[in-house]
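Sequence lines set the chain letters: A, B, ... in the order given, protein chains first and strands last, and positions in each chain run from 1.
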Amino acid sequence: MSRNTKINVLLLVLVAALAVLPLALGLGDHKKEPFTGSDGEAETAITEIEPDYKPWFSPLYEPPSGEIESALFSLQAALGAGVLAYYFGLRRGRRQGEQRALERAAASQDRDTAEESTVERA
Amino acid sequence: MHIAEGFLPPAHAVAWGVASAPFVVHGARSLTREVREHPESTLLLGASGAFTFVLSALKLPSVTGSCSHPTGTGLGAILFRPPVMAVLGTITLLFQALLLAHGGLTTLGANVFSMAIVGPWAGYAVYKLLRRFDVPLMVAVFFAAFFADLSTYCVTSVQLALAFPDPGSGFLGALGKFGSIFAVTQIPLAVSEGLLTVLVMRLLVQSSKGELTRLGVLLAEKRSRTEAGAEAVTR
């Protein structure tokens, strides 16, 4: 593995560790429902501060179940990851193509200079 | 940072909408100008939007025992300046409001203000400041993404505290309450976002040198092509 790749892998490992540690250390154990979303907790806090507050508008569409919701969330992540992967794949391919073209050009140039020097020597 | 649908009183919802609108309109203009003048940057623009899409779908556990998600807006703000991110962030928030019942249309203005406006500007300001003091690129990128992420959640806390001041302790009491829910949870996630943004920037440096140089992220290479060519010939 090149040094570059090693650093990239290390970055990913760090992110994974940051995500796994709270779970592994049981940092959610003090809660009735561990690891709920902070957005939902804010809603609870609002109703604590203002028990009478009623949301005055409801979502136009609500995923009918947790499964559908997680499916749509994965769709969002997949779309994003797909576009990112396309970008980097395309770039890599282009770079390799350019490199090959450069090598070919350099090779033919070398041949030219070699021919020139033989002409000079003669 | 998503304030749920209907959870901001109408006056607040309208005020945040009015505050956000000019930024999004201005952003849409800069986005179309960028695409018209540099059609080759469309792909990288797409990739920046995609990064926000992925990261804001990624709910991660945090030290407080609750889950939250990064925002992914720092990268695009560094590459294309913050106005463009006002548009890309709004698209992401609309997707989530319409399909996922996450956030909402009445709270869109407030959510756009925190995630698509303040976040990118805070990240960009940190990036510019650090670069001015010759801080290495990747360190600046890390802190830009970190602050873009964290500032978004601080703004959400302020927005909610303004709308729902605590009956006893007032605005500050409510700010403490919402801040402990959002901002504290977000600190390790902001670190993750910083690391992921550095990773993507490293990949970009490897793959898109020309593009990054044009956008001013990388300095123009000192070795010109003719010198490189001359070296190739002498070899």
Side-chain angles (χ1 to χ4, degrees), chain A residues 4 7-8 11-12 14-15 18-23 25 27-31 34-43 45-46 48-50 53-63 69 72-77 79-84 86-88 90-92 95 102 106 109-110 113, chain B residues 1-7 10 43-44 46-47 49-68 95-102 104-106 156 160 164-167 174 177-178 181-182 185 188 191-192 195-196 198-200 202-203 206-208 232-233:
Chain A
N4 242 330
I7 295 176
N8 291 348
L11 285 168
L12 281 175
L14 279 175
V15 172
L18 273 171
V20 171
L21 275 178
L23 297 174
L25 298 176
L27 293 176
D29 291 352
H30 62 285
K31 294 196 166 179
F35 298 111
T36 51
S38 57
D39 293 345
E41 287 180 8
E43 283 173 42
I46 290 172
E48 270 169 31
I49 292 177
E50 263 194 58
Y53 187 80
K54 290 270 176 307
W56 54 283
F57 199 79
S58 44
L60 300 177
Y61 168 78
E62 232 168 319
E69 190 186 339
L72 286 168
F73 261 108
S74 342
L75 177 71
Q76 188 193 331
L79 279 174
V83 172
L84 275 176
Y86 174 79
Y87 178 85
F88 284 114
L90 185 72
R91 283 287 162 179
R92 194 189 164 93
R95 209 168 64 239
L102 269 178
Q109 212 165 24
D110 278 352
T113 37
Chain B
M1 46 69 55
H2 293 84
I3 303 178
E5 185 77 285
F7 266 87
L43 255 182
L44 189 55
F51 188 64
T52 301
F53 241 61
V54 181
L55 286 208
S56 64
L58 218 62
K59 295 188 196 169
L60 298 168
S62 174
V63 285
T64 50
S66 49
C67 279
S68 188
F95 178 93
Q96 294 181 322
L98 291 175
L99 289 179
L100 298 162
H102 210 67
L105 294 178
T106 59
T156 306
L160 286 176
F164 302 101
D166 195 85
K177 199 166 194 172
F178 291 118
I181 292 174
F182 282 124
T185 305
V191 173
S192 296
L195 295 172
L196 284 173
V198 167
L199 174 66
V200 171
R202 287 174 54 82
L203 295 174
Q206 288 164 28
S207 72
S208 323
V233 173

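- F88(A) touches chain B through its side chain: at least one heavy atom from C-beta onward sits under 4.5 Å away, while N, CA, C and O do not.
- With a 4.5 angstrom heavy-atom cutoff, Q206(B) touches chain A via backbone and side-chain atoms both.
- Using a 4.5 Å cut-off between heavy atoms, R95(A) contacts chain B through its side chain alone, with no backbone atom that close.
- When heavy atoms are compared at a cutoff of 4.5 Å, D29(A) does not approach chain B at all.
- With chain A as partner, the option from A4(B), G104(B), S62(B), S68(B) having the largest number of non-hydrogen pairs under 4.5 angstrom is S62(B).
- Proximity of a side-chain donor or acceptor of D39(A) to a complementary backbone N or O of M1(B) within less than 3.5 Å is detected.
- Only the side chain of L12(A) has a heavy atom closer than 4.5 Å to any heavy atom of chain B.
- In terms of heavy-atom pairs under 4.5 angstrom with chain A, the leader among A97(B), S56(B), P10(B) is P10(B).
- Only the side chain of L105(B) comes within contact range of chain A, with heavy atoms under 4.5 Å apart.
- With a threshold of 4.5 angstrom between heavy atoms, L60(B) approaches chain A through side-chain atoms but not through N, CA, C or O.
- Residue with the most contacts toward chain A among V191(B), T52(B), T185(B), L99(B): L99(B) (heavy-atom pairs, distance under 4.5 Å).
- Listed here is the closest heavy atom pair of E5(B) and P59(A): CG-N, 3.6 Å.
- In this structure, chain A has a heavy atom under 4.5 Å from the side chain of L160(B), while its backbone stays farther away.
- Both the backbone and the side chain of F7(B) come within less than 4.5 Å of a heavy atom of chain A.
- Ranked by heavy-atom pairs shorter than 4.5 Å toward chain B, the options L75(A), T36(A), L90(A), L79(A) are led by T36(A).
- To the nearest 0.5 Å, atoms CD1 (I49(A)) and CZ (F164(B)) are separated by 8.5 Å.
- The candidate from L25(A), L60(A), I7(A), L21(A) with the greatest count of non-hydrogen atom pairs under 4.5 Å with chain B is I7(A).
- We find the NE2-OG1 distance between H30(A) and T64(B) to be 7.0 Å, quoted to the nearest 0.5 Å.
- Ranking L44(B), L98(B), L100(B), T106(B) against chain A, the residue ahead of the rest is L100(B), based on heavy-atom pairs under 4.5 Å.
- A pairwise comparison of heavy atoms in A50(B) and G80(A) identifies CB-O, 3.2 Å as the closest pair.
- Nearest approach of P61(B) to A19(A), heavy atoms of both residues: CG-O, 3.0 Å.
- In this structure, chain B has no heavy atom under 4.5 Å from any part of L102(A).
- Interface remark: of the candidates A174(B), A47(B), S66(B), S66(B) forms the most heavy-atom pairs closer than 4.5 Å to chain A.
- Chain B forms the most heavy-atom pairs under 4.5 Å with one residue out of G40(A), G82(A), G37(A), S74(A), and that residue is G37(A).
- The closest side-chain heavy-atom distance from H102(B) to L72(A) is not below 4.5 Å.
- For a residue to count as touching a neighbouring chain, one of its non-hydrogen atoms must lie under 4.5 Å from one of that chain's; by this rule F73(A) touches chain B with backbone and side chain alike.
- When heavy atoms are compared at a cutoff of 4.5 Å, S207(B) approaches chain A by way of both its backbone and its side chain.
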### Message
Would F51(B) and V83(A) count as a side-chain contact (heavy atoms from CB on, under 4.5 Å) here? Give the steps.
### Response
CA-CA 9 Å; F51(B) 188 64; V83(A) 172; over 6 Å; no

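- Closest non-hydrogen pair, I181(B) versus A45(A), comes out as CD1-CB, 3.7 Å.
- Between R202(B) and L11(A) there is a side-chain heavy-atom pair separated by less than 4.5 Å.
- Checked against salt bridge (charged side-chain N to carboxylate O under 4.0 Å, His left out), E50(A) has no partners two or more places apart in sequence or in another chain.
- Rounded to the nearest 0.5 Å, atoms CZ (R92(A)) and CG (L203(B)) are 10.5 Å apart.
- Neither the backbone nor the side chain of L55(B) comes within less than 4.5 Å of any heavy atom in chain A.
- Nearest approach of Y61(A) to A101(B), heavy atoms of both residues: O-CB, 3.6 Å.
- Heavy atoms of L23(A) lying under 4.5 Å from chain B belong exclusively to its side chain.
- Side chains of V15(A) and L199(B) form no contact here, defined as non-hydrogen atoms less than 4.5 Å apart.
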